[in-house]
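Please read the structure below before turning to the comments.
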Amino acid sequence: MPKITINDMEIEVEQGTSILQAAEQLGVEIPRFCYHDKLSVAANCRMCLVEVEGGPPKPVASCAMACGDGMVVHTDSDKVKKARKGVMEFLLINHPLDCPVCDQGGECDLQDQAVAYGFDRSRYNEEKLVVSDNDYGPLIGTVMTRCINCTRCVRFAEEIAGTPVLGQFNRGENAKVGTFIGELLDTELSGNLIDVCPVGALTSKPYAYKARSWELTKTETIDVHDALGCNIRVDSRGREVMRILPRLNEDINEEWIDDRSRFSYDGLAYGRIDRPYIRDKESGRLLETSWEEAFTVISDKLKGVKGDNIAALAGDLVDVESMVAMKDLMTSLGSNNIDCRTDGAVFSTENRSSYLFNSTIAGIDDADAILLIGVDPRHEATMVNARIRKNWLEKKIPISLIGREVDLTYPYEHLGTSPKDLEKLIKQYAGKVTAKKPMMIVGSGVFAREDGLEIHSLLHKAAEELGIIKKGWNGFNILHSAASRVGGLDVGFLPKEGGKGFSDIVAGTKDGSIEALFLLGADEFNAHVNIGWKSFVIYQGHHGDHAAQRADIILPAAAYTEKDGIYVNTEGRPQMSHKAVGPVGAAKADWAIIREMSEYVGAKPLPYNSQLELRTRIYKEWAIFKKMDEVTPAKWSGFFCKGKLSKDDFTLPVQNYYMNNPICRASKTMAQCAKAFTKQKELEEAA
């Protein structure tokens with residue numbers, strides 16, 4: 001490995017390491033605009049110039065120069081300082097002096113580096129160049145005169161997002177960045193262009209002119225719009241969420257997040273339930289009430305009702321503490337009718353490895369072959385799709401799909417659409433797979449059918465016979481789409497022996513066998529249509545969405561940014577979400593509502609008075625929660641179920657990416673996205 005000296009400090013680095021990367025390892029700062037750790041090297045901004053002894057007579061771009069053995073580098077010589085000042089002066093020739101109105105102000109690389117490395121005045125007196133702005137859709141605002149042609153956005157769109165709609169046109173002073181045919185940025189990762197842009201040429205339209213970075217309170221938490229648990233930062237002012245940004249976590253989302261996680265926050269302000277309501281029997285209208293009266297009505301309705309006639313369903317955005325509290329309440333009421341699988345999925349939960357993403361999200365990088373079954377990772381878990389694309393770009397691994405054909409931003413072999421095609425694959429390749437670390441990724445939608453258990457059995461058979469399970473490697477992965485799903489499965493929010501599951505509970509609301517139904521944030525299955533009118537329905541949630549329209553009692557709950565909670569992601573990693581703002585109106589955390597309700601219903605109040613006491617109860621019963629932010633590997637165990645497989649094709653759980661939960665459906669930004677990108681797809685299909 002080459003040894004290199006930078007500013008009189010010697011370091012040994014791996015072959016192919018650039019001077020800039022070596023300097024970072026030593027803690028030496030080298031300014032840059034076009035260079036980014038996750039993107040290919042462009043070397044076109046020239047800001048990272050350094051001096052190499054015995055090398056070229058002029059400074060060299062450190063991002064593009066590989067370290068050589070015995071190389072001596074200076075990053076702060078007079079020649080380097082003069083070169084950087086010249087580059088900065090050149091970059092600022094046409095840059096508008098609009099920092100006071102630029103949303104990048106206060107967190108702008110160009111501002112910081114102009115102060116640190118540039119001149120304190122300009123010698124340019126000619127007319128400045130003006131570049132027309134581009135329309136990239138409802139999310140990305142543009143001021144292209146600020147653009148310094150670093151091409152970070154171009155490389156991100158092509159390499160990470162896999163949607164090469166951006167490019168650099170013309171040459172010299174006429175060079176500019178834009179889309180090829182005036183199309184919108186139709187990618188689920190477009191918001192990351194704002195983060196990679198170093199100069200404020202690309203900004204957030206929903207956030208435009210609303211706040212400055214130093215005004216905001218920054219809360220590190222996690223996202224709940226899918227089952228990945230992407231690490232995010234919620235920036236708030238007062239009681240309002242102003243924006244959401246990604247946090248670095250190489251094991252989950254690296255440094256990116258998808259557009260739904262980033263831009264749907266405005267939905268937290270619309271359609272909120274801020275006080276309890278009771279449905280009037282005569283008029284059918286929902287009337288405001290007090291917490292005490294609401295609990296009293298619930299208590300009166302449950303008097304004399306047997307436990308077998310009471311049920312509870314937990315929705316996709318519910319935290320672990322709330323599900324444990326609801327489970328305890330249902331136990332005190334003598335009911336075994338509980339379920340967290342409100343999509344109707346049926347699969348084996350006997351062994352934890354049967355429902356986890358066992359190889360972990362970061363393990364996608366190690367796979368040398370991937371089989372996708374009934375899944376659209378681009379819309380179900382965008383960051384998983386980005387990981388798969390990165391692996392394909394680096395190693396050109398073979399990827400196959402059984403299920404509906406979709407655009408995944410990388411090539412794959414389509415092997416069929418139904419379970420029968422999976423059976424054919426097993427017969428053809430059993431014992432013949434040569435890949436060392438093959439991976440199977442199964443969408444949660446494959447289980448939302450009557451033959452769900454038989455499908456699960458077939459998947460286990462495929463995993464074992466195709467070599468996906470082997471010593472030191474478990475490539476069997478279930479990709480859930482609900483943030484609450486794995487946590488609910490881990491704590492057993494499932495029908496106990498003799499209890500009813502989701503389908504039977506819904507049917508029971510129509511035939512009268514379920515007299516009272518608790519809906520804990522359950523908005524995913526069109527409750528106002530599917531739940532019968534023979535049940536008394538108590539809805540506990542934060543938006544007046546599907547379930548609230550059917551409820552007889554509505555209890556206002558806090559949204560994910562308004563409470564602390566534990567969520568378990570699809571790979572089985574418990575993570576803490578943290579409160580960024582206060583709940584609206586009279587809303588409370590779900591667990592606190594359930595604890596207070598237990599004073600009125602059930603045999604006796606629940607035995608915890610604080611969230612800490614509830615978590616202590618959770619840590620005591622389920623060991624996985626003792627290791628936060630860690631994945632506890634699950635031991636593989638086979639599963640067999642004899643039954644008849646349906647010939648029906650696999651279906652996808654996410655039908656509309658931008659309207660996938662109550663928060664998104666309340667978001668004006670997501671509504672604009674759904675409208676704009678649907679219209680563009682129609683135009684593309686017509687063409």
Side-chain angles (χ1 to χ4, degrees), residues 220-224 226-231 249-253 314-328 331 338-341 345 347-364 381 384 441-442 444 456 460 469 472-496 520 560 563-578 590-591 607-608 610-639:
E220 294 187 349
T221 182
I222 61 169
D223 174 59
V224 299
D226 56 31
L228 298 189
C230 293
N231 286 216
N249 188 321
E250 294 290 356
D251 291 333
I252 302 176
N253 57 298
D316 289 354
L317 307 182
V318 183
D319 55 275
V320 169
E321 294 97 326
S322 302
M323 286 187 282
V324 171
M326 180 59 79
K327 179 184 177 185
D328 290 345
T331 299
I338 59 174
D339 207 340
C340 63
R341 299 168 296 182
F347 50 86
S348 171
T349 58
E350 296 175 4
N351 189 279
R352 197 165 182 253
S353 64
S354 293
Y355 59 79
L356 289 184
F357 202 98
N358 292 284
S359 63
T360 74
I361 297 167
I364 294 173
V384 164
I441 300 178
V442 182
S444 58
H456 207 172
H460 272 249
I469 307 296
W473 176 254
N474 185 344
F476 182 83
N477 300 307
I478 304 298
L479 183 59
H480 294 282
S481 56
S484 65
R485 188 60 47 85
V486 174
L489 298 174
D490 281 344
V491 300
F493 201 90
L494 298 162
K496 299 177 184 177
L520 181 59
Y560 77 105
K563 61 181 178 181
D564 297 324
I566 299 173
Y567 290 88
V568 186
N569 75 349
T570 192
E571 59 184 353
R573 182 192 304 269
Q575 297 185 102
M576 289 275 192
S577 72
H578 298 289
D590 285 297
W591 77 267
Y608 30 78
S610 68
Q611 192 169 28
L612 179 60
E613 291 180 3
L614 174 54
R615 285 179 176 172
T616 302
R617 174 253 195 281
I618 293 171
Y619 299 153
K620 185 177 181 180
E621 184 165 348
W622 297 284
I624 63 160
F625 294 103
K626 294 179 181 178
K627 298 180 180 179
M628 281 292 161
D629 298 318
E630 293 184 26
V631 176
T632 303
K635 187 177 180 181
W636 176 256
S637 176
F639 168 70

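By the 4.5 Å heavy-atom criterion applied to side chains, Asp564 and Thr221 are not counted as neighbours. Put simply, the side chain of Asp339 reaches to within 4.5 Å of the side chain of Leu494, judged on heavy atoms. Looking only at side-chain heavy atoms (C-beta outward), Val318 and Phe493 stay at 4.5 Å or farther from each other. Between Val320 and Phe625, some side-chain heavy-atom pair lies under the 4.5 Å cut-off. Counting only heavy atoms from C-beta outward, the side chains of Phe639 and Asn351 never approach each other to under 4.5 Å. Counting heavy atoms from C-beta on, the side chains of Met576 and Ile222 never come closer than 4.5 Å. Side chains of Asn231 and Glu220 form no contact here, defined as non-hydrogen atoms less than 4.5 Å apart. Residues Ser354 and Phe347 form no side-chain contact, since every pair of their non-hydrogen atoms from C-beta on lies 4.5 Å or further apart.
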Test side-chain hydrogen bond (donor to acceptor under 3.5 Å, both in side chains) on Tyr567 and Asp223; report intermediate values, then the result.
CA-CA 9 Å; Tyr567 290 88; Asp223 174 59; over 6 Å; no

Run Asn477 and Ser359 through side-chain hydrogen bond (donor to acceptor under 3.5 Å, both in side chains) and show every step you take.
CA-CA 7 Å; Asn477 300 307; Ser359 63; 2.9 Å; yes

Any chance you could lay out the salt bridge (charged side-chain N to carboxylate O under 4.0 Å, His left out) test for Arg617 and Glu621, step after step, and finish with the verdict?
CA-CA 6 Å; Arg617 174 253 195 281; Glu621 184 165 348; 2.3 Å; yes

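Checking side-chain atoms of Asp251 against main-chain N and O of Asn249 turns up no donor-acceptor pair under 3.5 Å. When atom types are taken as modelled, the side chain of Gln575 and the backbone of Gly229 share a donor-acceptor pair closer than 3.5 angstrom. A side-chain donor-acceptor contact under 3.5 Å links Ser577 to the backbone of Gly565. A donor-acceptor pair under 3.5 Å links the side-chain atoms of Asn569 to the main chain of Arg573, judged by distance alone.
Between Phe357 and His480, a ring centre-to-centre spacing not shorter than 6.0 Å is recorded.
Looking at every heavy atom in both residues, Ser610 comes nearest to Trp591 through C-CH2, 3.4 Å. Taking both residues in full, the closest heavy atoms of Val224 and Tyr560 are given as CG2-CG, 3.5 Å, listed atom of the first, atom of the second, then distance. Minimum interatomic distance between Ile361 and Glu571 (heavy atoms only, all atoms of both residues): N-OE1, 2.9 Å.
With rounding to the nearest 0.5 Å, the separation of OG1 in Thr360 from CG in Asn474 is 10.5 Å. A distance of 4.0 Å separates NZ in Lys563 from CG in Asp590, rounded to the nearest 0.5 Å.
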